[in-house]
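Each chain gets a letter, A, B and so on, in the order its sequence line appears, and its residues count up from 1.
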There are 2 protein chains.
Amino acid sequence: MPRSNTEKYADMLRKQGLKVTPQRLELISLLTRLKEPMSAHEIKAKWKQGDIDTVTLYRALDALVDAGIVQRVDLQHGHTDYELLVPGEHHHHLVCTDCGTIEDFVGCPGKNMEKLALKSSSQFVSLREHSLEFFGTCKTCAV
Amino acid sequence: MPRSNTEKYADMLRKQGLKVTPQRLELISLLTRLKEPMSAHEIKAKWKQGDIDTVTLYRALDALVDAGIVQRVDLQHGHTDYELLVPGEHHHHLVCTDCGTIEDFVGCPGKNMEKLALKSSSQFVSLREHSLEFFGTCKTCAV
DNA sequence: CTTGCAAATGCAATAGTATTGCGTTTATAA
DNA sequence: TTATAAACGCAATACTATTGCATTTGCAAG
Ligand SMILES: [Mn+2]
Ligand SMILES: [Mn+2]
Ligand SMILES: [Zn+2]
Ligand SMILES: [Zn+2]
């Protein structure tokens, strides 16, 4: 990972009063190379520099989520998956319920949906986030 | 619960080759009265006829999901919540991250979103379901 | 109404996911 | 260089959900 990106993420951490540690840097570096969201255990299995304690990994993931670097995703796998968040963007996923194939969906009309949701709501005045995942069958599995 | 509704759900179970048991009927009856999605443990705590074994409850919930009577919801509570599904409809939720207030959102433009998602996809040709939940702050907590 | 049997139940054990407490180590700012 | 709050690693524990198996039961066939 180029130095500029590393420094960008380091700043995002420090901005939240969080420390920049070797573990957190390797975690970011690892997530940068992933093409799909991954569970804590899968991440742990991919760890290069020796090993990382499971607790430390979960706490590092929490820290990155707090800093807005990582987002949690629920793909109905029975656990939380994590992926790097591109700043200023957001995206969702298409999941094949047969083979597990995952594809990103980037054209989410989030603002419109939130407007719609707020208009129909009697109790809410502002929305900060939303989860959205699609489940279906990919070309390969459709036969 | 009126007899007609009970019979309707019983038929939905039998149609899937699933049996109609006292536990499943009480579970449906209990879910009918709920205004919010609930976890397995919360449902167990509300059980009236004596007690239900946790395993039986999970298996009954699975059965109702298979029969299309119940849907699973992830409200980022660290567990699965369950709620009765109105046949032919679907809805999502607004969740207050401060106090936990939950409000239904019924005006989901699901068909359009799926069309949008499929158009942008290179690997998928059909989508069956989607998850969508909004997270924000309710009027009471906004101050 | 009886009977046969696959499906469902209850209990015990276990798996999988995530968190807490605490003593030691380390990043960072003074 | 030093002080200190944050982070780390390890052990224990909590919480969520599932598996295996002996027993019971829904329900359809006769
Ligand atoms: Mn993604
Ligand atoms: Mn609801
Ligand atoms: Zn597939
Ligand atoms: Zn609130």
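The side chain of K19(B) lies closest to dA8(C) when the candidates are dA8(C), dA5(D), dT19(C). Comparing atom distances between the V55(A) side chain and each of dG26(D), dC10(D), dG10(C) picks out dC10(D) as nearest.
Following rounding to the nearest Å, D51(B) (CG) and dT9(C) (P) show an atom-to-atom distance of 14 Å. Whole-Å rounding puts the Y58(B) OH to dC11(C) P distance at 17 Å. Between the P atom of dA8(C) and the CG atom of L13(B) lies a distance of 9 Å, rounded to the nearest Å. The distance between atom NE2 of H41(B) and atom P of dT18(D), rounded to the nearest whole Å, is 13 Å. Atom CG of L61(B) and atom P of dT16(D) are 14 Å apart (whole Å). Here dT19(C) presents its P atom at 11 Å from CG of L57(A), a figure rounded to the nearest Å. As a whole-Å value, the separation of L18(A) CG from dA5(D) P is 16 Å. Summarising the geometry, the separation between CG on D81(B) and C1' on dA17(D) is reported as 14 Å, rounded to the nearest angstrom.
For the residue pair S29(A)/E26(A), the side-chain donor-acceptor check at 3.5 Å is not satisfied. Between E83(B) and H91(B), the side chains place a donor N or O and an acceptor N or O closer than 3.5 Å (distance only, hydrogens not considered). Remark: the E103(B) side chain and the S121(A) side chain contain an N/O donor-acceptor pair separated by less than 3.5 Å.
In this structure, R24(B) reaches the dT9(C) phosphate: one of its side-chain N or O atoms is under 4.0 Å from OP1 or OP2. Note on T80(B): a side-chain N or O is less than 4.0 Å away from OP1 or OP2 of dA17(D). Not one side-chain nitrogen or oxygen of T21(A) sits closer than 4.0 Å to the OP1 or OP2 atom of dA6(D). Between Q23(B) and dG10(C), a side-chain N or O to OP1/OP2 separation shorter than 4.0 Å is present.
A donor and an acceptor atom sit less than 3.5 Å apart, one in the side chain of R59(A) and one in the base of dG9(D).
In this structure, the side chains of N112(B) and K115(B) come closer than 4.5 Å at one or more pairs of heavy atoms.
For an aromatic pair to be called close, the ring centres must be under 6.0 Å apart, and H93(A) with H130(B) fails this.
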